[in-house]
Student: 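Sending over a structure as C-alpha cells; questions will come in a sec.
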Amino acid sequence: MQIIFGLLLCFVLCLSVEAKLTEPLLSENRVVFSNGKELRLETSHAKRSNSSEVLQGQQSISVDQRAILVRNWHRVLVVGTRKKYEGELKEISVYDYEGKLLSAPLVFEGEVIVLEKAKRIFLAQKSFHRLIQHSMLLNVDGKELQKISQSTNLIKFEVSPDERLVWILSSHLRNGRPFVVATAIDLEGKVIGEIDAYREEEKELIYDGRRYTIKLPQPQVPG
C-alpha cells in the first residue's frame with residue numbers, strides 16, 4: 001500500500017511540475033502564460049504626437065512590442081521598441097512561464113542577442129545618432145551581470161559558434177593607417193583577448209584550450 005501511495009504521489013507531483021512548465025502561448029498581440037495570465041503587447045502602434053515634442057525627442061512616434069520564447073530557460077523575453085524622430089529606444093523584460101517579471105526592465109539601443117546555450121543575454125548597443133560606450137551582459141532572468149566597455153567606432157558584434165565568446169569589432173587609426181580591432185569577451189563580461197588587422201583577413205585566438213577564428217573586415221577610416 002505504501003509503495004502504491006508513493007507512486008501516486010510521485011505521479012501527482014510530476015503532473016504538477018509539468019503543468020507549471022507548460023509553454024506560454026505567443027501571438028502577435030499577446031502572451032498567455034501557463035496559469036492563464038495574459039500580457040497584451042503593443043504592435044506597430046503609431047502614437048498621436050505633438051510635433052514640437054517629437055522633433056525635440058521628447059515623445060515617441062510609434063511603439064512596438066514582440067515576445068521571444070526561450071524554451072531551454074523556460075523564459076519569455078518581451079522587447080519593446082519606441083521609435084523617435086531620431087533613432088529608437090528599446091526595453092527588455094524577462095518573464096517566467098507563469099508571467100512573473102523576474103527583474104526590472106532595462107532600456108537600451110541596438111539589438112538583443114540570445115546566447116541560448118551559454119544562458120546569457122547580450123544587449124549589443126549601437127546607435128547612428130549618439131555615441132554609446134558600453135553594451136550589457138544579462139543572465140537568464142534579465143539581471144545585469146556586467147557593463148562591457150566598447151569603442152565608439154563600432155562596426156558590429158559577432159558570437160563564436162559555441163557561444164562562449166562575443167566579438168566586438170571596431171575601427172581605429174594608427175599613424176594615419178586605419179585598422180580593425182576584434183575584442184573577445186567571455187561569459188562573465190571580461191576581455192580575454194584582442195586581435196587587430198590592417199587588411200581583410202582571418203585570424204585565430206586560443207582561449208581555454210580552444211581555437212577560435214574571426215574574420216576581420218577591410219578597415220575603414222573611423223568616424
Side-chain angles (χ1 to χ4, degrees), residues 17-45 60 62-84 87-127 129-150 154 156-168 183-192:
V17 170
E18 184 65 28
K20 289 182 180 179
L21 297 181
T22 300
E23 279 188 8
L25 299 176
L26 275 59
S27 64
E28 184 179 348
N29 62 356
R30 76 182 63 193
V31 179
V32 181
F33 295 98
S34 62
N35 57 2
K37 180 179 177 180
E38 288 191 12
L39 175 66
R40 291 189 174 273
L41 306 175
E42 293 187 82
T43 56
S44 302
H45 172 58
S60 301
S62 66
V63 179
D64 183 70
Q65 289 180 307
R66 64 187 178 95
I68 304 169
L69 183 66
V70 187
R71 291 184 173 88
N72 288 343
W73 306 349
H74 302 120
R75 297 288 186 266
V76 176
L77 280 53
V78 176
V79 180
T81 302
R82 295 183 179 275
K83 292 187 177 179
K84 296 181 176 294
E88 60 186 26
L89 287 178
K90 294 184 179 180
E91 183 178 87
I92 184 169
S93 304
V94 180
Y95 297 84
D96 66 13
Y97 271 17
E98 293 186 331
K100 179 183 177 182
L101 181 63
L102 299 176
S103 59
L106 285 172
V107 176
F108 68 102
E109 295 182 66
E111 61 178 316
V112 177
I113 300 177
V114 179
L115 306 173
E116 192 165 348
K117 292 183 290 187
K119 296 186 177 180
R120 292 288 188 266
I121 301 168
F122 188 74
L123 301 184
Q125 292 213 94
K126 187 175 183 179
S127 173
H129 303 282
R130 70 184 189 93
L131 299 178
I132 298 180
Q133 297 181 326
H134 73 272
S135 288
M136 289 175 277
L137 191 67
L138 318 180
N139 66 9
V140 296
D141 294 334
K143 295 179 181 177
E144 183 182 310
L145 298 175
Q146 189 70 258
K147 281 186 172 66
I148 299 168
S149 297
Q150 64 190 43
L154 184 71
K156 62 179 177 178
F157 300 90
E158 291 190 356
V159 178
S160 64
D162 61 3
E163 297 186 358
R164 298 183 68 202
L165 297 177
V166 174
W167 300 93
I168 303 177
T183 304
I185 309 296
D186 69 9
L187 299 179
E188 302 304 319
K190 298 177 182 178
V191 176
I192 56 90

Student: Verify, without hydrogens or angle tests, whether Q65 (side chain) and E42 (backbone) share a donor-acceptor contact under 3.5 angstrom.
Tutor: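 Between the backbone of E42 and the side chain of Q65 there is a qualifying donor-acceptor contact (under 3.5 Å).
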
Student: Check whether Q125 reaches the backbone of Q150 with its side chain - one donor and one acceptor, N or O, closer than 3.5 Å.
Tutor: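 No; judged by distance alone, with no hydrogens or angles, the pair does not exist.
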
Student: Could you go step by step and tell me if R164 and R120 meet the side-chain contact (heavy atoms from CB on, under 4.5 Å) rule?
Tutor: CA-CA 10 Å; R164 298 183 68 202; R120 292 288 188 266; over 6 Å; no

Student: State whether the number of non-hydrogen atoms from other residues, nucleotides or ligands found under 6.0 Å of R66 atom CZ is greater than 12.
Tutor: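 Open.
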
Student: Do P105 and V107 touch side chain to side chain, with heavy atoms closer than 4.5 Å?
Tutor: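 Heavy-atom side-chain distance check fails, nothing below 4.5 Å.
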
Student: Considering only heavy atoms from C-beta outward, does the side chain of V112 approach that of K90 to under 4.5 Å?
Tutor: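 When only atoms from C-beta onward are counted, K90 and V112 do not touch, as no gap falls below 4.5 Å.
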
Student: Where does the angle between the aromatic ring planes of F33 and Y95 fall among parallel (under 30°), tilted (30 to 60°) and perpendicular (over 60°)?
Tutor: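 F33 vs Y95 ring planes: tilted.
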
Student: Measure the spacing between CE of M136 and CD of E144 and express it to the nearest 0.5 Å.
Tutor: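 Going from CE on M136 over to CD on E144, the span is 6.0 Å.
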
Student: Considering non-hydrogen atoms only, spot the tightest contact between V31 and P24 and give its length.
Tutor: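 Smallest heavy-atom distance, with atoms named: CG1-CB, 4.1 Å.
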
Student: Nearest 0.5 Å, what's the CG-OH distance between L69 and Y97?
Tutor: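 Between atom CG of L69 and atom OH of Y97 there are 4.5 Å.
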
Student: Quick check: closest heavy atoms across L187 and A118, and the distance to 0.1 Å?
Tutor: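 Smallest heavy-atom distance, with atoms named: CD2-CB, 3.6 Å.
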
Student: Verify side-chain contact (heavy atoms from CB on, under 4.5 Å) between V76 and V94, making sure each step is shown before the conclusion.
Tutor: CA-CA 6 Å; V76 176; V94 180; over 6 Å; no

Student: Would you indicate whether K190, at its atom NZ, is surrounded by more than 12 heavy atoms from other residues, nucleotides or ligands within a distance under 6.0 Å?
Tutor: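 No.
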
Student: Do R75 and D96 come close enough that some side-chain heavy atom pair is under 4.5 Å?
Tutor: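 SC-SC contact between R75 and D96 confirmed.
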
Student: With rounding to the nearest 0.5 angstrom, report the CG to CD1 distance, L123 to I92.
Tutor: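 Rounded to the nearest 0.5 Å, the CG-CD1 separation comes out at 5.5 Å.
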
Student: How about Q146 and I185: do any of their side-chain heavy atoms sit closer than 4.5 Å?
Tutor: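 No. Closest side-chain heavy atoms not under 4.5 Å.
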
Student: With a 3.5 Å distance limit and no angle check, can you tell me whether N139 reaches the backbone of D141 through a side-chain donor-acceptor pair?
Tutor: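 Between the backbone of D141 and the side chain of N139 there is a qualifying donor-acceptor contact (under 3.5 Å).
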
Student: For G99, does its backbone N or O pair with a side-chain atom of K37 as donor and acceptor, under 3.5 Å?
Tutor: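 Confirmed, K37 side chain pairs with G99 backbone.
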
Student: Quick one: which of K83, R130, K126 gives a salt bridge (charged side-chain N to carboxylate O under 4.0 Å, His left out) with E109?
Tutor: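 Going through the options one by one, the only one that passes is R130.
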
Student: Sequence neighbours left out, what passes ring-ring contact (aromatic ring centres under 6.0 Å, His included) with F108? Give chain and number order.
Tutor: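 ring-ring contact (aromatic ring centres under 6.0 Å, His included) check on F108 returns nothing, list empty.
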
Student: Hey, are N35 and E98 close enough side-chain-wise for a donor-acceptor pair under 3.5 Å?
Tutor: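 There is no such pair between these side chains.
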
Student: I need the E116 CD to W73 CH2 distance, nearest 0.5 Å.
Tutor: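 E116 CD to W73 CH2: 6.5 Å, rounded to 0.5 Å.
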
Student: Are the side chains of V159 and F122 in touch, meaning some heavy atoms are under 4.5 Å apart?
Tutor: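 V159 does not reach F122 side chain to side chain.
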
Student: Can you establish whether the number of heavy atoms outside Q133 located under 6.0 Å from its atom CD is more than 12?
Tutor: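 No, the 6.0 Å shell around CD holds no more than 12 heavy atoms from other groups.
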
Student: Begin with the C-alpha distance, continue with both residues' side-chain angles, and end with the deciding distance and a verdict on side-chain contact (heavy atoms from CB on, under 4.5 Å) for K143 and L138.
Tutor: CA-CA 5 Å; K143 295 179 181 177; L138 318 180; over 6 Å; no

Student: Please confirm whether the backbone N or O of G142 pairs with a side-chain atom of S103, one donor and one acceptor, at under 3.5 Å?
Tutor: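 Yes, the answer is positive, given that a donor and an acceptor are paired below the 3.5 Å cut-off.
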
Student: If you compare all heavy atoms of I132 against all heavy atoms of H134, which two are closest, and at what distance to 0.1 Å?
Tutor: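 Taking every non-hydrogen atom into account, CG2-O, 3.3 Å.
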
Student: Roughly how far, to the nearest 0.5 Å, is CG of L137 from NZ of K147?
Tutor: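 If we round to the nearest 0.5 Å, K147:NZ and L137:CG are 12.0 Å apart.
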
Student: Under a 4.5 Å cut-off applied to non-hydrogen side-chain atoms, are V166 and I113 in contact?
Tutor: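 Result no, sub-4.5 Å side-chain heavy-atom pair not found.
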
Student: Check step by step if side-chain contact (heavy atoms from CB on, under 4.5 Å) holds for L154 and I168.
Tutor: CA-CA 8 Å; L154 184 71; I168 303 177; 3.5 Å; yes

Student: Quick one: CG on D186 to CG on L165, what's the gap to the nearest 0.5 Å?
Tutor: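 Nearest 0.5 Å value for the CG-CG distance: 7.5 Å.
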
Student: Any side-chain donor-acceptor pair under 3.5 Å between E88 and T81?
Tutor: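 Distance-only check fails for E88 and T81.
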
